[in-house]
Trainee: 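If you scroll down you'll find the structure; I have some questions about it.
Quick note on labels: first sequence line is chain A, next is B, and so on, each numbered from 1.
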Number of protein chains: 2
Amino acid sequence: MTIKGTDLYYQLHSELCHVFTSPKRLEIIDLLRDGEHSVQQLGEMTGIPQANLSQHLAILRQQKMVETRRDGTCVYYSIADRRLVKALDLVKKMLVERIKVEGRMAAELAVEMKK
Amino acid sequence: MTIKGTDLYYQLHSELCHVFTSPKRLEIIDLLRDGEHSVQQLGEMTGIPQANLSQHLAILRQQKMVETRRDGTCVYYSIADRRLVKALDLVKKMLVERIKVEGRMAAELAVEMKK
DNA sequence: TGCTCATATAATAATATTCGAATATATCAT
DNA sequence: ATGATATATTCGAATATTATTATATGAGCA
């Protein structure tokens, strides 16, 4: 008996991936990639309003994508599982490659249209 | 000049990841993992109604996650970029591991409560 | 051409997600 | 305890996503 391939599995998997479908959350993850940051620091770096930032961090927490450490009144966030970064990097590579190809196509099209 | 780290980049990245946030799309991707299938076959395997299936396939197409090949009236779908599968497998591993840990915790909790 | 099968698209209703404003909690210093 | 700072939560409105029904396209065949 395994959970793989069941409705419940796909449900949980999609809930996990839901974390990736907000530009703001991706930016937060990117900032945490090289080490922990406090909520305040993240706020300054991203410009996201406090409440909204806290909401996004709550989603990351719920999916156990980040860990927190309290120091006084500050809470420091960090990546909980490096595979998260690895998975995102794979998708990033696909994206960057596609943008390059499309950029090239756009350039070629521009040349064509001059003729 | 690079697109990485820009608002546009995170926007595009989140749109790509949007593909992963539907249990049905994850199931479709899983079925295509080992080779192409026609829309009809996918319909039979998943039980998803034709129109809805077609909509999900359209989203996968838009994000260039799948390729299509026409043979007569049938359209065969296949994975366009293997990194897609690789990225999903990383997330899957995280998920399976977590379920195992939580299952163990639930079992321990049950034992505790008997006492 | 007209018919049928396979697939795609459009429109709509139900549902889920996002963000901002207000409020609550937690820690520290006085 | 009171006040100040940092973070979290709740609620509601705007927006986006999903599934269903109906309709359209496109290929093959009589």
Trainee: Quick one: does Gln41(A)'s side chain have a donor or acceptor within less than 3.5 Å of a partner on Ser38(A)'s backbone?
Mentor: yes
Trainee: Within this structure, what is the OG-OH distance for the pair Ser14(A) and Tyr9(A), rounded to the nearest 0.5 Å?
Mentor: 10.0 Å
Trainee: Among the candidates dC19(C), dT9(D), dT7(C), find the nucleotide nearest to the side-chain atoms of Ala51(A).
Mentor: dT9(D)
Trainee: Which sits closer to the 5' end of DNA chain C, Ser22(A) or Val75(B), going by the nucleotide each is nearest to?
Mentor: Val75(B)
Trainee: Let me know the distance between CD of Gln62(A) and C1' of dA8(D), rounded to the nearest Å.
Mentor: 12 Å
Trainee: Whole angstrom is fine here: how far is it from CD1 in Ile28(B) over to P in dT18(D)?
Mentor: 12 Å
Trainee: Rounding to an integer number of Å, can you tell me how far Gln11(A) CD sits from dT15(C) C1'?
Mentor: 13 Å
Trainee: So does Arg70(B) get a side-chain nitrogen or oxygen closer than 4.0 Å to the phosphate oxygens (OP1/OP2) of dT25(D)?
Mentor: no
Trainee: If hydrophobic clusters are built by linking Ile, Leu, Val, Met, Phe, Trp and Tyr wherever their side-chain heavy atoms come under 4.5 Å apart, do Leu90(B) and Ile79(A) end up in the same one?
Mentor: no
Trainee: Report the distance from atom CG of Asp71(B) to atom P of dT7(C), rounded to the nearest whole Å.
Mentor: 11 Å
Trainee: Does dT18(C) have its OP1 or OP2 closer than 4.0 Å to a side-chain nitrogen or oxygen of Arg25(A)?
Mentor: yes
Trainee: When rounded to the nearest 0.5 angstrom, what distance separates NE2 in His13(A) from CZ in Arg25(B)?
Mentor: 12.5 Å
Trainee: Under 4.0 Å between a side-chain N or O of Thr73(B) and OP1 or OP2 of dA6(C)?
Mentor: no
Trainee: Over all strands shown, is Tyr77(B) touching base, sugar-phosphate only, or nothing at heavy-atom distances under 4.0 angstrom?
Mentor: sugar-phosphate
Trainee: Assess, by modelled atom type and distance only, whether the side chains of Arg70(A) and Tyr76(A) contain a donor and an acceptor separated by less than 3.5 Å.
Mentor: no
Trainee: Could one point to a donor on the side chain of Gln55(A) or the base of dT7(D) with an acceptor on the other under 3.5 Å away?
Mentor: no
Trainee: Rounded to the nearest Å, what distance is computed from the CG atom of residue Asn52(B) to the C1' atom of nucleotide dA11(C)?
Mentor: 15 Å
Trainee: Rounding to a whole Å, what distance do you find between Tyr76(A):OH and dT7(D):P?
Mentor: 8 Å
Trainee: Within this structure, what is the CD1-to-P distance between Ile59(B) and dT7(C), rounded to whole angstrom?
Mentor: 18 Å
Trainee: In terms of side-chain heavy atoms of Gln40(B), which of dA6(C), dA8(D), dC19(C) is nearest?
Mentor: dA6(C)
Trainee: Let me know the distance between CD of Gln50(A) and P of dA24(C), rounded to the nearest Å.
Mentor: 15 Å
Trainee: Can you check whether His18(A) has a side-chain N or O nearer than 4.0 Å to OP1 or OP2 of dT18(C)?
Mentor: yes
